[in-house]
Amino acid sequence: MASEESELLRLLHHPATVVAPQLLGAVVQHSTPEGTVAVRLTEVEAYQGPADSHTPDPGSHSYRGQTARNAVMFGPPGHFYVYFTYGMHYCANIVCAPAGTSSGVLLRAGEVIDGLELARHRRPVSRNDHDLAQGPARLASALGMGREHNGAALHGGNFKVTLGRPLPAAAVLNGPRVGVSGAGGSATYPWRFWIAGDPTVSRYKAAAARRPPQEPVRRRSTPA
DNA sequence: GGCGGGATATTCT
DNA sequence: GAATATCCCGCCC
């Protein structure tokens, strides 16, 4: 409904670090001629733009200013920022904070709650249903999202985004972001948020070190 | 269930 | 020319 829509838009005017945990439990629905798939978000990450806060975020695509790729992040909130990476994958963000700023929330994982058959068809390699959207590129794939959806509105067209019921504080955990490397950028801020105990939360290892260690690493080093 | 390595193309330096 | 907000496969515990 329109009121739900405006509630979402109101939320999306806040910085990514505020928006991200509130998007947990929200549902992203995408309809195509093939059918409809809906995903309930269980894991997200916040990326702040340079103008959004005094804390620099080298992990953000917008850290070095506007380029052709990240232009959508600098636009108004309420749109998808979809980028292509590693030569084969797409990842989807929800742009937040007012136009002129460049925050976004990366959709990292979710539970497919509608269109299971179509999602399985799009991701034949998944062996379990909780794998279907377990990871940002998997989630985009399950939803049938690609380059053509960069800049698409969250509402209207073939998309619909609905906030979930507020989660109890204890159900939301946070920690370092995944795959964010680079000097100063790696895991600097605990801006990854997920729903505690949910089986669809991604389990990938953190970013690999940029350079190999100077000496072989012992397999059985003592844990912390 | 975890680790290592390769695939693959767009993007920015 | 290097790096990348990743995923999948094969191999080993």
For [X] and [N], give me the distance from atom [atom1] to atom [atom2], rounded to whole Å.
X	N	atom1	atom2	result
A:His89	C:dC7	NE2	P	6 Å
A:Arg203	C:dC7	CZ	C1'	16 Å
A:Met145	C:dA5	CE	P	18 Å
A:Tyr90	C:dT4	OH	C1'	15 Å
A:Glu45	C:dA5	CD	P	11 Å

Report the residues that fulfil ring pair (Phe, Tyr, Trp, His ring centres under 6.0 Å) with A:Tyr90, sequence neighbours left out, ordered by chain and then residue number.
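A:Phe84.
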Under 4.0 Å from any atom of DNA chain C, heavy atoms only: list the residues of residues 95-115 of chain A that qualify, in numerical order.
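When residues 95-115 of chain A is checked for heavy atoms under 4.0 Å from DNA chain C, the hits, listed by number, are A:Leu106, A:Arg108.
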Does anything in residues 119-139 of chain A come within less than 4.0 Å of DNA chain C? Heavy atoms only, and list the residues if so.
A:Arg123, A:Val125, A:Gly135, A:Pro136, A:Ala137, A:Arg138
Of all pairs that satisfy salt bridge (charged side-chain N to carboxylate O under 4.0 Å, His left out), the ones with a partner from residues 94-109 of chain A, not counting sequence neighbours
A:Glu43-A:Arg108, A:Glu45-A:Arg108
Test side chain to side chain contact (heavy atoms under 4.5 Å, CB included) applied to A:Arg64 - qualifying residues, sequence neighbours left out
none
By side chain to side chain contact (heavy atoms under 4.5 Å, CB included), A:Ser141 pairs with (sequence neighbours left out) A:Arg123
[X]: side chain to side chain donor-acceptor pair (under 3.5 Å) partners, not counting sequence neighbours:
X	result
A:Asn150	none
A:Asn158	none
A:Arg122	A:Thr32, A:Glu34

Between the side chain of A:His155 and the main-chain N/O of A:Val161, is any donor-acceptor distance below 3.5 Å?
yes
Mark yes or no for whether A:Asp57, through its side chain, and A:Gly59, through its backbone, hold a donor-acceptor pair below 3.5 Å.
yes
With rounding to the nearest 0.5 Å, note down the distance linking CD1 in A:Ile94 to CG in A:Leu12.
6.5 Å
Check step by step if side chain to side chain contact (heavy atoms under 4.5 Å, CB included) holds for A:Phe193 and A:Leu173.
CA-CA 6 Å; A:Phe193 302 87; A:Leu173 301 181; over 6 Å; no
Go through the side-chain N and O atoms of A:Ser103 and A:Thr101 and say whether any donor and acceptor fall under 3.5 Å apart.
no
For DNA chain C, what dot-bracket results from Watson-Crick or G-U pairs at under 3.5 Å, with [ ] for crossers and | for inter-strand partners?
||||.|||||||.
Polar atoms only, N or O, under 3.5 Å: list the protein pairs with nucleotides 11-13 of chain B and their distances.
| residue | atom | partner | partner atom | Å |
| --- | --- | --- | --- | --- |
| B:dC12 | OP1 | A:Thr67 | OG1 | 2.2 |

A:Asp198 meets the salt bridge (charged side-chain N to carboxylate O under 4.0 Å, His left out) criterion, sequence neighbours left out, with A:Arg40
Does a side-chain N or O from A:His61 land closer than 4.0 Å to OP1 or OP2 of C:dA5, or not?
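A:His61 to C:dA5 OP1/OP2: side-chain N or O found under 4.0 Å.
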Is any N or O donor-acceptor pair between the side chain of A:Tyr86 and the base of B:dA7 shorter than 3.5 Å?
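Donor-acceptor pair under 3.5 Å: no.
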